Structure formats: C-alpha cells, structure tokens
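FYI, side chains are in, hydrogens and waters are out, and symmetry mates aren't considered; it's all heavy atoms of this structure. When a ligand or atom number is given, it counts from 1 through the structure's own listing order. Predicted model only: the values in this text are computed from it and were never measured.
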Amino acid sequence: MRILIKNIKKLVQTENKPKLKVSGKAMAKIGSIENAYLILKDDLIEDFGKMKNMPEIEGNYKSIDASEKMVFPSYCDSHTHLVYAGSREIEYNDKIKGLSYEEIAKRGGGILNSAKLLNKTSEDELYEQALPRINEIISQGTGAVEIKSGYGLTLEGELKMLRVIKRLKETTPLIIKSTFLGAHAVPSEYKGKQSEYVDFVINEILPKVAEEKLADFIDVFCDKGFFTVDETDKILTAGAKYGLRPKIHANELDYSGGIQIGVKHNALSVDHLEYVGDEEIKVLKNSETMPTILPGAAFFLNMPYSPARKMIDAGLPIAVASDFNPGSSPSGNMKLMGSFASVNYKLTAEEVINATTINTAYAMNISKITGSIAKGKKANVFITKEIPSIEYMSYAYGSDLIDTIILGGEIIRKSECE
Ligand code: NIG
Ligand code: FE
C-alpha cells in the first residue's frame, strides 16, 4: 500500500546520498525541498521530489494534502530510561528546597528509590506503566527510541526491565534499541562493597542478559559518586565479549574520565557531557563516538550547560536526546529538547534537526535505516500543522505542532496515543 503526501510546503532533512552522521560545520546544513511530494510504499520511503516532477502512481494509494505544512523525519531519541515504576515528584520538591542530585542520591533517594519500587512491581504492571509514555512520545513525533535498564540493580529486576523493553519492541510501532545499565547505581545491599556489585553485574547479570539476547548496547554511569573509570573499563571489557557496544553516561557531575574510557572502548556515544574541556574535545575528535547532550536533564537539575557550541565549532558532531526518566528529566518531548538546545546551547534550527534525527540515529546504530528522508529508509515521518518556517518548531516551544504521524508506513491517529 502506498501513501502519497503532496503539496508539501517544505520536505525537511532530505538526503540523496545518505550519511551516517553529520559533524561540525555540516551540521548547519540540511537538505530540503519546497513544494514537494513524498511517496511511502509499505514501511519504506519510495520516492520524493518537487511537485512538478511528481510521477503517476499506479494502483491504489492514499493521498494526503500537506499544503502549508511541512514534513520531517521522525525524531530519534537515543537516550531514555522510560521503563520505570511510579514517579519521583517528591524529590523534585526536595530539589526545589535546595538539595542537589548527589545529596538526594546519598540519602537513598534518586535511582535507589526507583529501584525499590521497580523490584516490587510486576513485569505486566511495568509494561502497562511504560505504554502511556511510549504513546506520548509517539504523539510528540518520536519514531525511534533507546531505552535502558538500570532501575532493577538485582538479577530479577534488570531482566524484568529488559523483558519489558523487548515486549515494547514487539508491540509498538517504534524502532526500539535496548541498553543494559546494571551499573547505574550501587544498590543499598552493596553499600560500601561497590567492587562486589561490579563483579555481580559482570559475572551474574551480564551473562543472563546476553543469553536471553535482551540488550543491544551496554552502559555505565561513569561519574563522581557513581562508578569509577576502572570499574567502567572492567564492565565495558566484559560487555565487549558479548558483542555489546557501549553507550555511556559520562561527565555529568565532573571531569570524570568517562569520555576517555568511552572512546577507548569505541563507544557509540558518550552522553550528558556537562564537563567537557579541550582535552575531552581532542579525544572525541579522533573517535567514532557521538557526543550526546541531554538538555532536559541539565534544565531540570539546574546543571551547567555542556559546551555544545564549542564542540560543534571544533568540528565534532552533536546529538540531542531526552534522557526521559523519573529523576532528572521527566519528559521525552524531543521538540522541547530542540528548543532547549537552541536557547541554552545556541544550536541553529538546522543543527537542532541534525542533532535530533540523523545524529541520534547514529547513536543507536540505525542511521542506515532512519534519521532522514532518503529512499529506502523507514517510512517514519510526521506532518506538521501549518507553520511558517523550520525555526518555528523550536521557537513555539510549548505548542503541539504535529498534525499527522506515520510510523512504518502506518498512519497513527493521535487519539490512539491517549
Ligand atoms: O541520565 N545520570 C544517571 N541516570 C539518569 C538519572 C536517573 C534517575 O535519576 O533516575 C540520568 O540523568
Ligand atoms: Fe540517562
């Protein structure tokens, strides 16, 4: 079955020669076609171009008129923790009263609070709680998402989370990648015995995760007060034996050495990056690793902003993801992340588009199949409401500007997302 979208005011992020990622100055450019058509066949993009060159379509097809509207590739969100139990708005109160993220964590709050609740929640219930979040991000334009474990911190808890992610892969129209984050925090039973917990992650949890093929990637929270560079090295070495490429949390709370150890292990991405200096930039320049910023977490925790502008000006690529999680970023709204990225990190509209589509697709190792409008890529797109320019997307930061969502060639009604 084909879908023809015609009279598109602007077809955004088109590529004739698809790239895996976009770096430095090239981030300020995107391909686009004014007064365009787009043809989707089954779950793939078949053809696109100027209206005046639109071909005759044979057979049955559905036609959508997009006059005054734009078509974008769906957002790719390469860093989330959207499978979790309950919520943590109580800590949010503590934060408003002045406690820092680390202080809350030290008191047994934070990640450990989510872990306690998750271990008491059944797999079915966890799935049911995750589903509305999935539907919400679909309605906000996301077409691919990475989801991490890391609120189990026990063998059963971690496997339960990863099984829920697997089920979401099978039952939702999103492209989903899963990441094993056993080393997200040291559980209370292991207080004062961090190295024993690291051994437990490596020897007890990881082999089971690999055996059930539950993870695509491996992550460690490598930062001050969490896991050290040496522990990260050990865990990533163990993950590599099972073919799990790293995507790690790094340099959120300090110059933690996380970027260096990530690059040493050829990480697909290093994420957060509030603390980045010349040394870190140099290391990233000689790598295949995608520097990823998480503007929602920096906003919500009132953290210093990552020097993203400096990194782009130094020739690096940048990806922007949501970090959707109950503690530091309770939102997976990628359009909003784009607004944060432009206002707080000085990314232009074109840079925001590259950072939230092709570069985040790269950070999930799926930029060959999604992240831009290119022939043969997945038919994951959204049609906007009537908007004057691409800048308007980040500018109107509180407005829902998405009119129609198409994932895998299927039109998703927004009412289905409620
Ligand atoms: O990416 N930094 C580590 N982990 C999450 C926070 C998780 C939580 O607080 O629940 C993050 O911000
Ligand atoms: Fe995170």
Side-chain angles (χ1 to χ4, degrees), residues 77-95 99-119 121 126 129-130 133 145-153 157-158 161 165 177-187 217-227 232 235 246-254 256 258-259 262 267-275 290-306 319-332 337 340 360 363-364:
D77 188 353
S78 58
H79 181 138
T80 83
H81 310 247
L82 72 73
V83 170
Y84 57 82
S87 55
R88 302 216 309 264
E89 68 282 2
I90 303 301
E91 288 171 17
Y92 163 68
N93 251 344
D94 290 341
K95 250 177 296 206
L99 285 188
S100 74
Y101 184 74
E102 286 156 287
E103 281 161 345
I104 292 170
K106 274 208 188 98
R107 296 200 320 186
I111 297 166
L112 296 187
N113 211 343
S114 288
K116 210 185 293 168
L117 197 57
L118 186 133
N119 280 291
T121 306
L126 204 52
Q129 288 190 26
R133 295 178 203 127
V145 66
E146 180 257 17
I147 312 173
K148 301 171 191 296
S149 72
Y151 292 124
L153 312 178
E158 287 296 304
M161 279 190 86
I165 301 170
K177 291 284 166 186
S178 63
T179 300
F180 171 52
L181 174 55
H184 194 194
V186 178
F217 307 116
I218 187 161
D219 191 350
V220 175
F221 189 4
C222 179
D223 228 316
K224 190 172 86 185
F226 289 84
F227 293 88
T232 306
I235 295 168
K247 284 170 66 62
I248 69 168
H249 282 75
N251 298 48
E252 174 185 3
L253 307 171
D254 203 355
S256 62
I259 292 175
L268 199 46
S269 69
V270 285
D271 302 16
H272 272 294
L273 312 189
E274 275 71 17
Y275 293 84
M290 178 61 67
T292 301
I293 62 168
L294 308 170
F299 159 76
F300 199 71
L301 297 184
N302 254 324
M303 283 189 297
Y305 294 127
S306 173
V320 168
S322 77
D323 199 16
F324 194 174
N325 78 72
S328 66
S329 185
S331 168
M337 299 307 143
F340 288 154
T360 32
M364 289 187 263

Among N, O or S atoms, H79 approaches the Fe ion (ligand 2) most closely through NE2
Give a yes-or-no answer on whether the side chains of D323 and H81 include a donor-acceptor pair shorter than 3.5 Å.
yes
Got I111 and F221 here, is their nearest side-chain heavy-atom distance under 4.5 Å?
yes
Side chains of D77 and E146, heavy atoms from C-beta outward: is any pair under 4.5 Å?
no
H79 heavy atoms, cut-off 4.0 Å: which ligand 1 atoms fall inside?
1 (O)
Quick test: of every protein heavy atom, which one is nearest to atom 4 (N) of ligand 1, and how far off is it to 0.1 Å?
H184 NE2, 2.8 Å
May I ask you to check whether E102 and S100 show a side-chain donor-acceptor distance below 3.5 Å?
no
For atom 11 (C) of ligand 1, what is the nearest protein heavy atom, given as residue, atom name and distance?
D323 OD2, 3.1 Å
Decide whether an N or O pair under 3.5 Å exists between Y151 and ligand 1.
yes
In the structure I gave you, are the side-chain heavy atoms of Y92 and P330 within less than 4.5 Å of one another anywhere?
no
Would H81 count as a contact for the Fe ion (ligand 2), in the sense that one of its N, O or S atoms lies under 2.8 Å from it?
yes
Check ligand 1 against H81 and write out every atom of the ligand that is under 4.0 Å from a heavy-atom position of the residue.
1 (O), 4 (N), 5 (C), 11 (C)
Taking atom 12 (O) of ligand 1 as the reference point, the nearest protein heavy atom with its distance:
S328 OG, 2.5 Å
So which protein heavy atom does atom 3 (C) of ligand 1 come closest to, and at what separation?
F221 CE2, 3.2 Å
Is it the case that over 12 heavy atoms from other parts of the model lie below 6.0 angstrom from the CZ atom of F299?
no
Give the atoms of ligand 1, by number and element, whose distance to some non-hydrogen atom of H249 is under 4.0 Å.
1 (O), 2 (N), 3 (C), 4 (N), 11 (C)
Starting from atom 6 (C) of ligand 1, which protein heavy atom do you reach first, and at what distance in Å?
Y101 OH, 3.0 Å
Atoms of ligand 1 under 4.0 Å from any heavy atom of I111, numbered from 1 in the order shown, are 7 (C), 8 (C), 9 (O), 10 (O)
Have a look at D323 and say which of its N, O or S atoms is nearest the Fe ion (ligand 2).
OD1
Considering only non-hydrogen protein atoms, determine which one is nearest to atom 2 (N) of ligand 1 and report residue, atom name and distance to 0.1 Å.
E252 OE1, 2.9 Å
So if I apply the side-chain hydrogen bond (donor to acceptor under 3.5 Å, both in side chains) rule between D219 and each of K247, K148, H184, which one comes out positive?
K148
Hey, does D254 have a side-chain heavy atom less than 4.5 Å from the side chain of D223?
yes
Is it true that the side chains of H79 and H249 contain a donor and an acceptor less than 3.5 Å apart?
yes
